[in-house]
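Before I ask anything, here is the structure I am working with.
For this chain, numbers begin at 1 and follow the sequence in order.
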Amino acid sequence: MKKTAFIIVILTLFTNCKSELIIQVKTQETNEKKVKAKITTNFPENTILSITAERIYQRKNDSNLYGGTHYYSRELAVKNGEIEFSFNVDDKKWIKNYNEYKKFEKGLNEIDFKSIKDSIEITIFYTPEFERDKNVAKILGKRGENINGKGTFKFDDYKGFRKTIKIFSKFKR
């Protein structure tokens, strides 16, 4: 009887640990302006993850945080437990894009350059709302009900997953 209970406890622990999703991110600066990133995960094969790399900033007279985008993709799929991508760190480009956008959107404040830190946030995001692979939806649940692990969040009637890391990158105006 004790042996059976012990086996059940071990199997329960193994099953619970296995169901927790993880995302690990390693980055490497290949040169002054280019970052290469490798994601390792136990998300199911072909899971589509959204990825952004942004420099966080504020606008003058505005306490909200915004992201100057260096990289964005909603189309990267997990292959053999990995995703690799790279992006250029080009602060002049996102500042120029914001200033162009500001011309068409009246009332937007100037960027508060003093608020900009020397870091870039890389965020990996999963939501079942955009899942196209039926096998992934079967494993994670149509509303993400089978998603567990550090990074899980609940929004309305579905669950998703988010992982954010910061990397050092000197801001250059």
Side-chain angles (χ1 to χ4, degrees), residues 20-43 47-78 82-132 136 140-141 143-145 147-173:
E20 287 196 5
L21 295 168
I22 59 165
I23 291 177
Q24 296 175 331
V25 184
K26 291 186 179 179
T27 61
Q28 173 185 358
E29 203 174 303
T30 57
N31 65 41
E32 188 179 297
K33 292 187 176 200
K34 191 164 189 152
V35 174
K36 184 177 179 182
K38 181 177 183 178
I39 296 169
T40 307
T41 184
N42 64 345
F43 267 83
T47 301
I48 301 293
L49 299 176
S50 294
I51 301 169
T52 60
E54 298 176 312
R55 189 173 304 277
I56 305 304
Y57 70 94
Q58 289 178 294
R59 297 174 186 161
K60 291 182 180 180
N61 303 314
D62 185 345
S63 61
N64 292 318
L65 298 176
Y66 301 93
T69 303
H70 289 282
Y71 181 85
Y72 173 76
S73 175
R74 264 190 22 194
E75 299 297 322
L76 295 178
V78 174
E82 296 180 344
I83 293 177
E84 291 187 24
F85 66 98
S86 59
F87 61 93
N88 292 321
V89 177
D90 187 350
D91 291 308
K92 290 179 182 174
K93 183 177 178 183
W94 71 262
I95 292 168
K96 179 182 175 195
N97 288 343
Y98 176 75
N99 287 331
E100 289 294 319
Y101 176 69
K102 200 164 77 72
K103 289 178 186 176
F104 299 102
E105 288 291 323
K106 302 293 181 206
L108 290 180
N109 295 347
E110 296 288 325
I111 294 171
D112 180 359
F113 287 98
K114 290 183 266 177
S115 72
I116 301 172
K117 305 270 189 277
D118 289 330
S119 63
I120 292 178
E121 288 188 5
I122 298 174
T123 301
I124 298 91
F125 185 78
Y126 174 79
T127 178
E129 291 182 310
F130 304 112
E131 188 56 64
R132 296 181 298 249
V136 173
L140 298 179
R143 306 298 296 156
E145 57 271 16
I147 296 173
N148 292 306
K150 187 178 179 183
T152 302
F153 66 87
K154 188 167 174 67
F155 185 78
D156 289 337
D157 64 340
Y158 72 88
K159 285 168 64 177
F161 196 92
R162 174 190 297 246
K163 168 80 176 200
T164 300
I165 67 162
K166 289 183 183 181
I167 60 171
F168 176 79
S169 175
K170 184 81 174 150
F171 171 65
K172 295 180 183 163
R173 189 170 173 183

Atom pair CD (E54) and OH (Y72), whose distance is rounded to the nearest 0.5 Å
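OH of Y72 is found 10.0 Å from CD of E54.
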
Do I95 and F113 touch side chain to side chain, with heavy atoms closer than 4.5 Å?
yes

Once rounded to the nearest 0.5 Å, what's the spacing between atom CG of N109 and atom CG of N61?
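Here the interatomic distance stands at 6.0 Å.
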
In Å and rounded to the nearest 0.5 Å, what is the NZ to CD distance from K36 to E84?
5.5 Å

Chi angles and distances behind the side chain to side chain contact (heavy atoms under 4.5 Å, CB included) call for Q24, K26
CA-CA 7 Å; Q24 296 175 331; K26 291 186 179 179; 5.9 Å; no

Residues two or more places apart in sequence or in another chain: which of them pass ring pair (Phe, Tyr, Trp, His ring centres under 6.0 Å) with Y126?
F43

Tell me which one of N42, V78, L76 satisfies side chain to side chain contact (heavy atoms under 4.5 Å, CB included) with T47.
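With T47 as partner, side chain to side chain contact (heavy atoms under 4.5 Å, CB included) holds for just one option, V78.
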
Closest heavy-atom pair and its distance - K159, P128:
O-CD, 3.2 Å

Could you state the interatomic distance from CG (L21) to OG1 (T41), rounded to the nearest 0.5 Å?
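Between L21 CG and T41 OG1, I get 6.5 Å after rounding to 0.5 Å.
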
Closest heavy-atom contact between T27 and A37?
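Looking at all heavy atoms of both residues, the closest pair is CG2-CB, 4.0 Å.
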
Is any side-chain heavy atom of Y98 closer than 4.5 Å to a side-chain heavy atom of L108?
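Yes, their side chains come closer than 4.5 Å.
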
Checking K34 against N88 for the side chain to side chain contact (heavy atoms under 4.5 Å, CB included) test, could you report, in this order, the C-alpha distance in whole Å, the side-chain angles of both residues, the deciding distance, and whether it holds?
CA-CA 4 Å; K34 191 164 189 152; N88 292 321; 3.8 Å; yes

Locate the shortest heavy-atom distance separating A77 from I48; write the atom from each residue and the value.
CB-CD1, 3.7 Å

Which of these passes side-chain hydrogen bond (donor to acceptor under 3.5 Å, both in side chains) with D91: K33, R173, H70?
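Of the listed options, the one satisfying the test is H70.
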
Shortest non-hydrogen separation from E145 to R143 and the atoms involved
OE1-N, 2.9 Å

Salt-bridge present (E110, K102; N to O < 4.0 Å)
yes

Using ring pair (Phe, Tyr, Trp, His ring centres under 6.0 Å) as the criterion, list what pairs up with F125, not counting sequence neighbours.
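Per chain and number, F125 pairs via ring pair (Phe, Tyr, Trp, His ring centres under 6.0 Å) with F153.
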
OG1 of T40 to CD1 of I22, rounded to nearest 0.5 Å, is 8.0 Å

Which pair of non-hydrogen atoms, one from G68 and one from Y57, has the smallest distance, and what is that distance?
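Between these two residues, the closest heavy atoms are N-CE2, 3.5 Å.
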
Which atom pair, heavy atoms only, marks the closest approach of I122 to A53?
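Looking at all heavy atoms of both residues, the closest pair is CG1-CB, 4.2 Å.
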
Does the pair D112 and D62 meet the rule for a side chain to side chain contact (heavy atoms under 4.5 Å, CB included), with working shown?
CA-CA 9 Å; D112 180 359; D62 185 345; over 6 Å; no

Could you please spell out the steps behind the side chain to side chain contact (heavy atoms under 4.5 Å, CB included) verdict for I83 and I124?
CA-CA 11 Å; I83 293 177; I124 298 91; over 6 Å; no

Can you check whether S63's main-chain N or O pairs, donor with acceptor, with Q58's side chain at less than 3.5 Å?
yes

A side-chain contact here means heavy atoms from C-beta on lying under 4.5 Å apart; do V35 and I120 qualify?
no

Tell me which donor-acceptor pairs under 3.5 Å the side chains of residues 164-172 have, and how far apart each pair is, sequence neighbours excluded?
residue, atom, partner, partner atom, Å
T164, OG1, T123, OG1, 3.1
S169, OG, R55, NH2, 3.2
K170, NZ, D118, OD2, 3.4
K172, NZ, E32, OE2, 2.9

Plane angle bin for F85 and F87 - parallel if under 30°, tilted between 30 and 60°, otherwise perpendicular
parallel

Do T69 and Y71 have side-chain heavy atoms sitting under 4.5 Å apart?
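Result no, sub-4.5 Å side-chain heavy-atom pair not found.
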
Let me confirm one number: the NZ-CG distance from K163 to L49, rounded to the nearest 0.5 Å.
13.0 Å

